[in-house]
Amino acid sequence: MNFVEELRWRGMLHDIMPGTEELLNKGMTAGYIGFDPTADSLHVGHLTQIMTLTHFQRAGHKPFALVGGATGMIGDPSFKSHERNLLDENTLQKNVAGIKAQLENFLDFTGANSAVMVNNYDWFKNFGFLEFIRDVGKHITVNYMMSKDSVKKRLEDGSGLSFTEFSYQLLQGYDFYHLWKNENCALQMGGSDQWGNIVTGTEFIRRKDGGEAFALTTQLIKKADGTKFGKTESGAVWLDPKRTTPYQFYQFWLNTTDVDAKSYIRIFTFLDKAAIEALETEQDAAPHQRAIQKALAKDITIRVHGEAAYQKAVKSSEFLFGNVGIEFLNELNDTEVLGLFEGVPNFMISRNDLENRINAVDLLAGYTAVFPSKGEAKKMIQGGGVAINKTKVGTAEDFFNTDHLINNKYLVAQKGKKNYFLIIAE
RNA sequence: GGGGGGAUACCAGAGCGGUCAAAUGGGACGGACUGUAAAUCCGUUGCUUCGGCUACGAAGGUUCGAAUCCUUCUCCCCCCA
């Protein structure tokens, strides 16, 4: 199946410039997607673009992944309601390195259509301001730049934008030109919020060299209830296991609602149509089994964190959410317990302190940071949302001592139903 | 340069001398129900040694008492030039 068809049936395609499909059908085409180095790790929101690029390569085309070492210094104003803070150079370099390393895991760097990583800092670092406004700025009118939705919105809602952010689209436009000229890269892809920036590029290529380049954008992922995709209570879901553990990552996908799962399985996995429809049939017949969520979480977790990490995440999940009693821990040795709780936040407390018994509030908000304040711990306990060793904590004055330790070493704290914490007494 | 308006909790937004830790809505979190789903209903949403303490852009002042009045400063918006 060709690339565009693939995106289409998966519901990923948002907009495509006329002629793009014809170009792709003619043969191997080079195309790119840019990634902003706003952090040293990508998060699940970036996965759509990673999938797009991977589909592109699988369809026999040559993918370029661009890391915005230069554009990251400026900040894309698209659909951000406020002027952005500039990152300092050290942070930026660290971010570029982190993102590059992650992207390398997803693309194939061998063969005729091997992937290529580029950093736009390489062609911008020696590009002088005068040179830039003569060679690039001259070809694009301010009228044109102001008519972009991203800019218009900022002007209309009164928040304004600096000249720096305003000029962002020229930088991105030049990126496209550079890759088109030097790498024969005729297509830029991105999220639908990038359409304006991408088209500035094709326009620039046309005006400067009379060349032809193309654009394709993908749907922005939203949850069925309209809220932002990729956020949890504790913030963004990252690909870096140090920021979001494989267990948390797996849980994030497993918790997807039924409605969203049906669209995510198409977007975030490579499962084909038949496999997906089979899963849907299964889901409809036995919704409580959550076949789609499980398949979704499995597929993505393995691709991002590997098979071993996935297995561990499943084991932890089965123990924490299954019907297994807490006593089960007594049958495990230390290594096994720690393995089971790998990815679950843990806290150390002193055994001596525990011997003198500690009340629930102090335990959860003083000795450990399960709750940020004692007041909150108290409220949660009163609301019936706290459990230790899978038993609800009745009052804030419930006491705990070494007798409560599982395996003579552990306490398992639960905040709500889904948030587990391991407390280790030493 | 001239004139006007504004800054309140995560966000929006009321309050305009005491009864204000601050209405209301949204969001978030928790509970019940369920399938670690959706919908619905309920609760919580500054910290605390529960005596208080810190808070309404910042700093001073008036007052027994200020988010509310006065002065200065910072930032934002609108109109005119």
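First the proteins, then the strands, lettered A, B, ... as listed; each starts at 1. Only heavy atoms go into these numbers, but all of them, side chains included; no hydrogens, no water, no symmetry mates.
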Apply side chain to side chain contact (heavy atoms under 4.5 Å, CB included) to residues Phe249(A) and His305(A) and explain how you reach the verdict.
CA-CA 9 Å; Phe249(A) 187 84; His305(A) 295 300; 3.7 Å; yes
Rounded off to whole Å, could you give me the NZ-to-C1' distance for the Lys415(A) and G31(B) pair?
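Spelled out: NZ on Lys415(A) to C1' on G31(B) is 15 Å.
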Separation of A37(B) P from Glu282(A) CD (nearest whole Å):
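After rounding, the gap between these two atoms is 19 Å.
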Does CZ belonging to Phe129(A) count more than 12 external heavy atoms closer than 6.0 Å?
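12 or below, so no.
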Are [X] and [Y] close enough for a salt bridge, meaning some N to O gap below 4.0 Å?
X	Y	result
Arg303(A)	Asp299(A)	yes
Glu6(A)	Arg58(A)	no
Lys379(A)	Glu376(A)	no
Arg207(A)	Glu203(A)	yes
Lys223(A)	Asp260(A)	no

Reported [atom1]-to-[atom2] distance for the pair [X] and [Y], which is rounded to 0.5 angstrom:
X	Y	atom1	atom2	value
Tyr174(A)	Asp135(A)	OH	CG	7.5 Å
Ile326(A)	Gln414(A)	CD1	CD	8.0 Å
Gln188(A)	Leu179(A)	CD	CG	8.5 Å

Would you call the rings of Tyr264(A) and Trp253(A) parallel, tilted or perpendicular, taking 30° and 60° as the class edges?
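Correct class here is perpendicular.
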Determine: side-chain N/O of [X] to OP1/OP2 of [N], distance under 4.0 Å, yes or no.
X	N	value
Lys418(A)	G31(B)	no
Asn419(A)	G30(B)	yes
Lys392(A)	A32(B)	yes
Lys379(A)	U48(B)	no
Lys262(A)	A37(B)	no
Ser373(A)	C47(B)	yes

Scan nucleotides 23-28 of chain B nucleotide by nucleotide, 5' to 3', and note B when protein non-hydrogen atoms come under 4.0 Å of the base, S if they reach only the sugar-phosphate, - if neither.
------
Is Thr256(A) touching bases, backbone alone, or none of the nucleic acid, heavy atoms closer than 4.0 Å?
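Nothing, no nucleic acid heavy atom in range.
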Contact class for Asp362(A) vs. all strands (heavy atom < 4.0 Å): base, sugar-phosphate, or nothing?
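Nothing, no heavy atom under 4.0 Å.
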Scan nucleotides 50-56 of chain B against the protein and return all N/O pairs shorter than 3.5 Å with their distances rounded to 0.1 Å.
residue : atom : partner   : partner atom : Å
C50(B)  : N4   : Lys378(A) : NZ           : 3.0

Dot-bracket for RNA chain B, please. Rules: Watson-Crick or G-U, both distances under 3.5 Å, ( ) within the strand, [ ] when a pair crosses earlier ones, | for another strand, . otherwise.
((((((((.[[[..)..(.....]]]((((((.......))))))((....))...[[[[[..)....]]]]]))))))).
The side chain of Lys417(A) is closest to which nucleotide in this list: A38(B), G35(B), C33(B)?
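Looking only at side-chain atoms, Lys417(A) lies closest to C33(B).
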Nearest listed nucleotide, side chain of Gln293(A), among U36(B), G35(B), G31(B)
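Shortest atom-to-atom distance from the side chain points to G35(B).
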Distance-only donor-acceptor test (3.5 Å): side chain Lys294(A), base U36(B)
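There is none.
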Tell me whether the side-chain N or O atoms of Gln382(A) pair up with the base of U44(B) as donor and acceptor below 3.5 Å, since no angle test is needed here.
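Check fails, no donor-acceptor contact within cut-off.
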Derivation of the salt bridge (charged side-chain N to carboxylate O under 4.0 Å, His left out) call for Glu342(A) and Lys312(A)
CA-CA 8 Å; Glu342(A) 193 174 301; Lys312(A) 281 186 185 171; 3.3 Å; yes
Taking the nucleotide of RNA chain B with the nearest heavy atom to each, does Gly385(A) or Pro287(A) sit closer to the 5' end?
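With Gly385(A) and Pro287(A) compared, the 5'-side residue is Gly385(A).
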